[in-house]
Amino acid sequence: MSGHKVEQASEEVVKNMKMIPFLHGLVRILPEGWLYPGTAPTFIDRIHSVKFRRDDVMVMTFPKCGTTWMQEIVWTMLHNPNLDHPKADQPTFQRCPDISFDMIFDTKPLGGLPMDSVAKMFEEIYPDRKMDNGVMADIIEATESPRVIKNHFPISLMPRDTLDTIKVVYVTRNPKDMTTSFWRFFSSVNVHEFRGDIDSFARLIMEDGMIYCPYWPHVKAAWEKRHHPNFHFVFYEDLISDSMQELRKINKFLGTQLSEEKLETIMRHTSFSSMKSRGEPLSDDVFKKENPKSVVFFRKGIVGDWKNNFSPELQKEMDQWIKKNLADTDLSLSWALAQ
Ligand code: PPS
């Protein structure tokens, strides 16, 4: 539906990924070469029949770049500026459904079906409907407006009129911190169990051999849209260093007209420590069964944790990769080399 072509990824790509294989293998979506579980094309096609609403806000990211934080900020601005919403303590993924989630369930530990908490949500909304054709589009349909929709798919896979209809907030982050966060997460979750060190994970990211890759076309396509009135581009690092300034910009972009006082309250409510204290978002069998504490979603929430994880060699490799990919763009990410 997006005009892309799909090809099966090679056995070698599957093997190199060093994690629990997806039941339907992997596909490359061309021309960019997005690497996704084999069920992705079906679900991407379904997105093209979702009826978006004028007041929808999509939080779009490459994974581990600050999605959940931004979902919480946008949802709180739209639904909970007085911090009195009865559903505010529900995990973010229940209040802000992920339009790119269905493909991830295609693993043996989940038997190709959604994790328990998502299945429960679906069954409560649609007691007579089967879940075997994906659930997220239906859950989104039943979500109360203004909807905050999470999305890891890039802008090029979305319906062409997306920005004519809805607002998109895009977040990115130093790819070295994204890689660190992604590696820690995929190594610890039961459904993926990445079995390798950070060097092998980072090389997969750099060679576009990890699901969701390639990183650069995802970010660059978003950067190209940064002046569109319905598109707002944010760096995780700016959100960390001057949260109020970024919240003011989001307030303006969303048209929420919240006072400085309310923004300050929202800033505190969405801080790392506040969000962490309200509980981990993933509470079912995506956790390692033998040690539920081994999966930590709200892990550190800082800038520069790559320094605690990268060898000097890996830093050099990734810096070269960053430089190479910044050569043909004015994307402002060269600070990532030092930070
Ligand atoms: S996901 O799974 O792709 O949706 O993950 P995502 O939410 O994009 O990224 C997870 C990282 O974001 C950190 N995080 C935060 N940082 C600062 N402030 C707040 N409030 C916050 N909430 C989440 C989270 O800790 C992950 O980063 P790391 O570096 O692993 O700590």
Side-chain angles (χ1 to χ4, degrees), residues 36 58-77 88 91-105 115 117-118 136 148-154 169-192 194 198 201-202 205 210-213 215 218-219 222 234-244 246-247 250 263 265-283 286-287 294-310 336 339:
Y36 293 133
M58 183 178 277
V59 175
M60 182 183 283
T61 59
F62 190 87
K64 299 294 157 195
C65 288
T67 333
T68 315
W69 190 8
M70 187 56 74
Q71 287 169 259
E72 192 63 271
I73 290 170
V74 172
W75 190 87
T76 307
M77 281 186 173
T92 348
F93 78 87
Q94 289 188 17
R95 289 173 281 126
C96 316
D98 179 355
I99 207 164
S100 49
F101 214 7
D102 285 302
M103 65 177 181
I104 292 302
F105 306 140
M115 59 208 226
S117 49
V118 175
M136 297 316 297
V148 181
I149 300 168
K150 167 177 172 174
N151 183 18
H152 286 318
F153 290 129
V169 181
Y170 188 92
V171 194
T172 199
R173 181 182 195 185
N174 183 340
K176 290 188 277 191
D177 279 338
M178 171 276 286
T179 300
T180 306
S181 179
F182 206 167
W183 169 64
R184 292 264 177 215
F185 186 70
F186 263 19
S187 305
S188 66
V189 273
N190 194 30
V191 291
H192 301 310
F194 176 79
I198 191 165
F201 192 87
I205 293 276
M210 177 46 65
I211 54 163
Y212 298 106
C213 284
Y215 168 81
H218 201 294
V219 185
V234 182
F235 289 104
Y236 176 94
E237 289 74 10
D238 289 342
L239 209 43
I240 291 269
S241 68
D242 194 346
S243 306
M244 268 308 279
E246 294 305 314
L247 258 62
I250 299 166
L263 292 181
T265 309
I266 292 171
M267 182 183 75
R268 283 192 292 275
H269 181 72
T270 58
S271 71
F272 182 79
S273 55
S274 295
M275 285 179 65
K276 190 174 172 73
S277 73
R278 292 196 290 277
E280 290 288 320
L282 304 169
S283 56
V286 283
F287 284 79
S294 69
V295 177
V296 181
F297 186 88
F298 294 110
R299 202 179 59 86
K300 285 196 172 174
I302 57 168
V303 169
D305 191 40
W306 64 269
K307 291 175 191 162
N308 302 316
N309 292 277
F310 277 36
Q339 273 188 32

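Just follow the structure's listing: the first ligand is 1, and inside any ligand the first atom is 1. By convention here, the first residue in the shown sequence is residue 1.
At a heavy-atom distance under 4.0 Å, only side-chain atoms of K150, from C-beta outward, approach ligand 1. Residue H152 touches ligand 1 through its side chain alone, judged by heavy-atom distances below 4.0 Å.
The protein heavy atom nearest to atom 13 (C) of ligand 1 is Y236 OH, 4.0 Å. The nearest heavy-atom contact from the protein to atom 29 (O) of ligand 1 is R173 NH2, 2.9 Å. Atom 7 (O) of ligand 1 has T68 OG1, 2.5 Å as its closest protein atom, hydrogens excluded (heavy atom only). The nearest heavy-atom contact from the protein to atom 20 (N) of ligand 1 is T270 O, 2.9 Å. Scanning all protein heavy atoms for the shortest distance to atom 1 (S) of ligand 1 gives K64 NZ, 3.8 Å. Scanning all protein heavy atoms for the shortest distance to atom 8 (O) of ligand 1 gives T67 OG1, 2.3 Å. Shortest contact from atom 24 (C) of ligand 1 to any protein heavy atom: F297 O, 3.6 Å.
Relative orientation of the F201 and F194 rings is perpendicular, given thresholds of 30° and 60° on the angle between their planes. The aromatic rings of Y212 and F186 sit tilted relative to each other, their planes meeting at an angle between 30° and 60°.
For ligand 1, the atoms closer than 4.0 angstrom to any heavy atom of S271 are 20 (N). Atom numbering of ligand 1 starts at 1 in the shown order; those under 4.0 Å from a heavy atom of P63 are 3 (O). The distance from ligand 1 to the heavy atoms of M275 drops below 4.0 Å at these ligand atoms: 20 (N). For ligand 1, the atoms closer than 4.0 angstrom to any heavy atom of G301 are 16 (N), 17 (C), 25 (O), 28 (P), 31 (O).
Remark: ligand 1 and F62 share no N or O pair separated by less than 3.5 Å (distance only, no angle test). Taking only nitrogen or oxygen atoms, main chain and side chain alike, F298 does not reach within less than 3.5 Å of ligand 1. Backbone and side-chain nitrogen or oxygen atoms of K300 are examined, and one is located within less than 3.5 angstrom of a nitrogen or oxygen of ligand 1. Ligand 1 has no N or O atom lying under 3.5 Å from any N or O atom of T61, backbone or side chain. Of the N or O atoms in C65, one or more lie within a sub-3.5 Å distance of an N or O in ligand 1.
Each of V148, T92, I266, V59 was scored for a side-chain contact (heavy atoms from CB on, under 4.5 Å) with E72, with one residue passing: T92.
Among G66, S273, S181, S274, the residue whose heavy atom sits closest to atom 30 (O) of ligand 1 is S181.
For the pair T61/V169, no side-chain contact is recorded, criterion being any heavy-atom separation below 4.5 Å from C-beta on. V296 has its side chain out of reach of R184: every pair of non-hydrogen atoms, C-beta onward, lies at least 4.5 Å apart. Looking only at side-chain heavy atoms (C-beta outward), F235 and V303 stay at 4.5 Å or farther from each other. Looking only at side-chain heavy atoms (C-beta outward), W183 and M210 stay at 4.5 Å or farther from each other.
Going from atom OH of Y170 over to atom OG1 of T67 covers 9.5 Å, rounded to the nearest 0.5 Å. Atoms CE and OG1, from M77 and T270 in turn, are 8.0 Å apart once rounded to the nearest 0.5 Å. Interatomic distance, H192 NE2 to I211 CD1, rounded to the nearest 0.5 Å: 5.5 Å.
Here K176 pairs with D319 under the salt bridge (charged side-chain N to carboxylate O under 4.0 Å, His left out) rule; sequence neighbours left out. Remark: W306 engages F310 in a ring-ring contact (aromatic ring centres under 6.0 Å, His included) (not counting sequence neighbours).
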